[in-house]
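Position 1 is the first residue of the sequence, and the numbers go up from there. Keep in mind it's a predicted model, so treat the numbers as computed, not measured.
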Amino acid sequence: MRTIFIVSALLTSASLTASCTANSALPSLSLSANEVQYALGAGDKLRITVYGEEKLTGEYLVDGTGAIAFPLIGSVQAKGVTASALAERLTAALGKGYLDNPSIAIEVLNFRPYYILGEVNKPGEYPFVDGLTVFSAVAKSEGFTYRADEGRVYIRHKDGTSESLYRLDGMTPVMPGDTVRILERRF
């Protein structure tokens, strides 16, 4: 009986060691400062302020094509650029015969949501907040289920065609439009 217990304990230990080794071999998702900057996309709601021009100041929605309809200049592509880059585009366009030395500020009012699936208590769609990590996304979905693998996570990025497997740690970022899938652990 004692031999069976010792063999069982050794097998369990070997299994846990193999699992830990496998998880440490997974890549960690870390992004540079440029990659963390929020790139605008369809569904974002913006507040654009044109100083001294109340009729141009207002809320604008990035449409399905990734553009905003702006008075005087028409459709301006916003998808894939930061708010400051869009402000530069608008400043340049308005400066060509419409306004003398325009000054523009852009604030993102509503970010695109992210999605969380799998072994969490409340899977679904949640609003993105700046600085979101997988741990905070799990917390918003009321935590891991008892079956959750807390060492690995699949993430499919907004424009990605497939999921990528990452080590689940406190620094794993979630970006707007990402789909996060928490795996079931192996027993």
* **Full working for salt bridge (Lys or Arg N to Asp or Glu O under 4.0 Å) between Glu150 and Arg185** => CA-CA 8 Å; Glu150 297 179 26; Arg185 74 173 178 253; 5.8 Å; no
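- How far CZ of Arg147 is from CZ of Arg186: 16.0 Å, rounded to the nearest 0.5 Å.
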Tabulate below the donor-acceptor pairs under 3.5 Å that side-chain atoms of residues 85-110 make, not counting sequence neighbours, or state none.
| unit_1 | atom_1 | unit_2 | atom_2 | d |
| --- | --- | --- | --- | --- |
| Arg89 | NH1 | Gln77 | O | 2.5 |
| Thr91 | OG1 | Ala87 | O | 2.7 |
| Tyr98 | OH | Leu72 | O | 3.3 |

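- Note that the OG1 atom of Thr179 and the CD atom of Glu125 stand 10.0 Å from one another [nearest 0.5 Å].
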* Passes side chain to side chain contact (heavy atoms under 4.5 Å, CB included), Leu46 versus Glu59? Steps please. -> CA-CA 5 Å; Leu46 309 174; Glu59 294 180 3; over 6 Å; no
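- To the nearest 0.5 Å, atoms OG1 (Thr145) and CD (Glu119) are separated by 3.5 Å.
- Two different hydrophobic clusters hold Leu168 and Leu117 under the rule that ILVMFWY side chains link at heavy-atom gaps under 4.5 Å.
- One N or O on the side chain of Asp169 and one on the backbone of Met171 form a donor-acceptor pair closer than 3.5 Å.
- When atom types are taken as modelled, the side chain of Thr57 and the backbone of Val50 share a donor-acceptor pair closer than 3.5 angstrom.
- Under the 3.5 Å distance criterion, the side-chain polar atoms of Asn121 are matched with a main-chain donor or acceptor of Glu142.
- Relative orientation of the Tyr114 and Tyr126 rings is parallel, given thresholds of 30° and 60° on the angle between their planes.
- Side-chain atoms of Arg112 and Tyr38 include a donor-acceptor pair closer than 3.5 Å.
- With sequence neighbours excluded, the residues satisfying ring-ring contact (aromatic ring centres under 6.0 Å, His included) with Tyr60 are Phe70.
- Atom-to-atom distance recorded for Asp130:CG and Met175:CE is 8.0 Å, nearest 0.5 angstrom.
- In terms of the ring-ring contact (aromatic ring centres under 6.0 Å, His included) criterion, Phe144 has no residue partners (sequence neighbours excluded).
- Residues Pro71 and Leu56 are in side-chain contact: their nearest non-hydrogen atoms beyond the backbone lie under 4.5 Å apart.
- Within the model, atoms CG of Asp178 and NZ of Lys158 stand 10.0 Å from one another, a figure rounded to the nearest 0.5 Å.
- In terms of heavy atoms, Ile182 sits closest to Asp149 at CG2-O, 4.2 Å.
- Here the straight-line distance linking atom CD1 of Ile48 with atom CD of Glu53 works out to 14.0 Å at 0.5 Å rounding.
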